[in-house]
Structures are given as structure tokens and as C-alpha cells.
Amino acid sequence: MKRKKAGVLAVLCAAGMTVSGCGIGAQVGGAVDRGLDMEGYSREESSRSQEDTQSEQSADSAVTDINNTAGGAASGQGGELNELGLDAETMDLLKYNIYVELNNTIVEILDDINNYFLVVDTAEDFRFREDAEYSYGYRIRGFNMDAVEDAELVYNMEPAYETLDGLVADMLPSMREIMETFDAIDDSEYTYEENQYQQPRENHARLMACLDEFTAYAYEYLDQIDVIADERNAAQEAKMLEEGRLIIYYYSHMLTLSSEILDEIQDQGIDDYNLTELDLTPIYPLYEEMLETEAAYDEAVSDNNQLMMESLSSRQVYADDWNGLVQAFEWMIKQVESGVPYEDPSREYLGGLQHIYVVLSGKVESYNGIFAE
């Protein structure tokens, strides 16, 4: 299986809209090969803004109370309304948001799969791994069906997402089955010794029956939505520049560059366990561009005219705001250059990828708090 990129899925600033989505990839530790190819499994951390909350509420209530969808965004915009009472632009944002949430749920499922096979053997018949460190069910989570039900609602609605819509329709049955199976595993965690592990045996057979189908669809979905996210982000940044909104552009572009560096790291198969094997050749120019963008951002936020043009205050956006993230990447580069591996890569070290993900996630949350409200 291919390694999933850790891109900033949706750092959106939709002027006049009340729907946007935001996700950021974060690999935790390093996926351990337990007989399946788990190399690409990574955790998607979703930074949540007011817009995220509103969009989730909108999706949840779309059938029963459409007037609340998107915070009433459709009411103030022209054009025909669809069956949900939304104009085309608002519906596009809502549908994209739902697909981002589906992405995040998929990554949580992959996390469960990884954790499950840290303990249970990948054979067709249920048995524990001989070298399992933890007990059955360790770190397994259950799921509600919101992401699946929302996707079921919109995948056949306009605007069409040519590749994703059909893929979602094909994936949802196995996705629902695997989520229900992990719910059952989660519920049976403390009763698994009853009846000679009969319930775990049944859960395991159910999981193995849908595992291959779901993971095949899941990885294709993650790849496709990553492409769409990159396209939307590039178009949005171009619009920011065209409109002269330099502060939001530089802020967004710092996140984009961070994503590109992390994508390159994951494409090389690197995590904190083998960080010193990273080839820094493609990293250096991206890091240099990050330094240039940071300097341009500092200059822009020091310009009162620019602040007024973007309706921002110096307390919202301030010079040196990017020191923490830039330093996190600088420390990572120095760690690689030192050739000294971490003593315990499972911990969050300064200079480690885990630390970068934590700092970057905070910056995405700040972006939403400043620009998306």
C-alpha cells in the first residue's frame, strides 16, 4: 500500500461563507508491520474552527432541519437552491467538508486496524500474536456513523466530484461494516475471555471478511481527496494574491510549505524511527522558501495599511508568529544532519516529526480562528 500524504487538507478562507473544513495529517510514531503492509497508515488530526462545527451540525441536520444548514448561508446568496435548500457555492463547500470528515474517519479506522494487528495475528482464524505487548482490544475505538451517513446523503448530489462520488458509493458498504465491527470489538473488550473467546472469534472473522475491500478503497480515496485539496488550496492562494491579501496568503503558504516538506518526508518512508535516513536534498529549498515567506509575513503584519485592508489587528497577527514552527523544522534538519537517532522515537522530541505535527496543528487552528470566523 502507498504511504498516505500528510497534507493540510483544507485550510479554507471562504469569504461570506460559514462552511469550511480543515484537516492536517499527523503520523504517530511509526506504523509497525504486523504481517499486513501498514506502512502508509497515519493519523489525521483535524483542527476544528467555528466553521467546522457549523458544517458538521449542518450535515447532521440536513434532512430534518435544512433551514439550519450552513448557518443559513443560502439565504443571502442568489441562484437556484438545491433539494437541501442550498445554493451551488454553499453546497460545494458543504460536500467538500463532508468528504474531509470522511477522510478523517477513514484515518481513524486505519489507526484501529494498526492497533488491532499489534495484538491479533493476521491469520484468518483468531489468535493472539505471540509477541503482542498488550491485551486484546488495546486502543481500539468505536465509531458513530455520522461520516458515513453524511456521505451517503451527498455523494450523488451536485456539484459532482467526478472521481470521488463513485468511489464513495463503492466504499461506503465495506466502511460501514468495518466501523460496526470495531464497535463490536470495542464493546467486547472486557468480555473477550467468555465462552473461550467466541465473540472475539466472530468479530475477527467479520473484520477479515471486509478488510481487504475497505483498505483498497480507503487508500484510493485518501489519494484522490489529497489531489483535490491541493488544487483547491492552490486556487485559493492565487486568489489571495490577486486580491492583495498578503497576510492571509503568507500565513496559508507557510502551512502549504510545511505540508510539502512533510509529504516529501513521508514519500521517502521516513518517520521518527528512521529520521536520520532522510535525504535532505529536496527539503532544503522548501525550508529556504519557508524562511523567505516568514520574513515576508513579518513585513506584511508590520504594515498598518495592510492590516487595515485585511481588517486585521496586530494582536491577531504579529511578527515572529512563525518562530515556533520554523524552529521545529530547523531542529529536525539539524537532527538529521547530526546522524544521531533518537533513543526512544515513540516520544515527542524537539527536532522530531511528532513535535512538528503538534506545532503545525496549532498553527492550523490559529488560521481558522483568525481568518475563517
Side-chain angles (χ1 to χ4, degrees), residues 5 7-25 46-52 54-55 70 73 76-77 87-90 92-97 100 159 225-263 285-323 325-326 329 360-373:
K5 290 184 177 181
V8 177
L9 265 185
V11 182
L12 296 180
C13 178
M17 295 294 172
T18 55
V19 182
S20 71
C22 188
I24 186 165
S46 177
S47 63
R48 310 177 64 79
S49 66
Q50 177 183 1
E51 280 71 21
D52 294 320
Q54 288 173 331
S55 82
Q77 301 181 32
D87 65 89
E89 189 175 3
T90 305
D92 178 48
L93 285 169
L94 178 62
K95 186 170 183 176
Y96 179 64
N97 234 18
V100 168
I225 199 170
D226 188 62
V227 171
I228 293 173
D230 287 346
E231 292 173 348
R232 292 177 77 111
N233 188 60
Q236 186 181 32
E237 289 191 355
K239 185 178 180 181
M240 293 171 185
L241 277 179
E242 180 183 349
E243 296 173 349
R245 295 183 293 143
L246 300 181
I247 295 174
I248 187 175
Y249 167 75
Y250 292 132
Y251 205 119
S252 176
H253 198 57
M254 287 291 285
L255 300 178
T256 297
L257 290 169
S258 300
S259 174
E260 290 177 358
I261 292 174
L262 294 174
D263 285 351
L286 292 170
Y287 177 69
E288 289 300 320
E289 186 178 354
M290 178 177 286
L291 294 178
E292 294 169 1
T293 304
E294 178 193 23
Y297 175 86
D298 290 348
E299 181 179 353
V301 299
S302 300
D303 184 342
N304 287 331
N305 291 330
Q306 189 67 41
L307 287 167
M308 292 177 61
M309 194 275 280
E310 299 189 51
S311 300
L312 295 168
S313 72
S314 58
R315 285 184 296 180
Q316 290 175 292
V317 289
Y318 51 90
D320 301 326
D321 191 31
W322 290 98
N323 278 354
L325 184 64
V326 171
F329 279 105
L360 182 55
S361 179
K363 297 307 296 180
V364 176
E365 290 183 1
S366 295
Y367 179 99
N368 281 335
I370 297 167
F371 300 111
E373 291 184 350

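All values below come from the heavy atoms of this structure, side chains included, with hydrogens, waters and symmetry mates left out.
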query = Do T256 and D230 pass the side chain to side chain contact (heavy atoms under 4.5 Å, CB included) test, and can you show the C-alpha distance, the side-chain angles, and the key distance before you say yes or no?
reply = CA-CA 9 Å; T256 297; D230 287 346; over 6 Å; no
Nearest 0.5 Å, what's the [atom1]-[atom2] distance between [X] and [Y]?
X: E260; Y: E289; atom1: CD; atom2: CD; answer: 7.0 Å
X: M254; Y: T293; atom1: CE; atom2: OG1; answer: 6.5 Å
X: S361; Y: L325; atom1: OG; atom2: CG; answer: 11.0 Å
X: L257; Y: F329; atom1: CG; atom2: CZ; answer: 9.0 Å
X: E365; Y: I370; atom1: CD; atom2: CD1; answer: 11.5 Å
X: L286; Y: L262; atom1: CG; atom2: CG; answer: 10.5 Å

key: Set of residues satisfying salt bridge (Lys or Arg N to Asp or Glu O under 4.0 Å) with respect to D92, sequence neighbours excluded   =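 Salt bridge (Lys or Arg N to Asp or Glu O under 4.0 Å) list for D92, sorted by chain: R232.
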message = Please enumerate all residues that pass salt bridge (Lys or Arg N to Asp or Glu O under 4.0 Å) together with E243, with sequence neighbours excluded.
response =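 Salt bridge (Lys or Arg N to Asp or Glu O under 4.0 Å) check on E243 returns R245.
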Any heavy-atom pair between the side chains of [Y] and [X] that's under 4.5 Å?
X: V301; Y: Y318; value: no
X: I248; Y: L312; value: no
X: Y287; Y: V326; value: yes

request  = Determine, using ring centers only, whether W322 and Y250 are less than 6.0 Å apart.
outcome  =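 Not close enough - the centres of the two rings lie 6.0 Å or further apart.
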query = Of the non-hydrogen atoms in N233 and S252, which two are nearest, and what is the gap between them?
reply = OD1-OG, 3.8 Å
ask   = If you take all heavy atoms of M290 and S258, which pair is closest and at what distance?
value = CE-OG, 3.4 Å
inquiry  = Applying side-chain hydrogen bond (donor to acceptor under 3.5 Å, both in side chains) as the test, list every pair that has at least one member in residues 294-305; sequence neighbours left out.
reply    =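 Residue pairs with at least one partner in residues 294-305: there are none.
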ask   = Does any pair with a residue in residues 307-323 pass salt bridge (Lys or Arg N to Asp or Glu O under 4.0 Å), and if so which ones, sequence neighbours excluded?
value =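 Listed by first then second residue: D321-K363.
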message = Does the plane of the ring in Y367 sit parallel, tilted or perpendicular to the ring in F371? Use 30° and 60° as the thresholds.
response = tilted
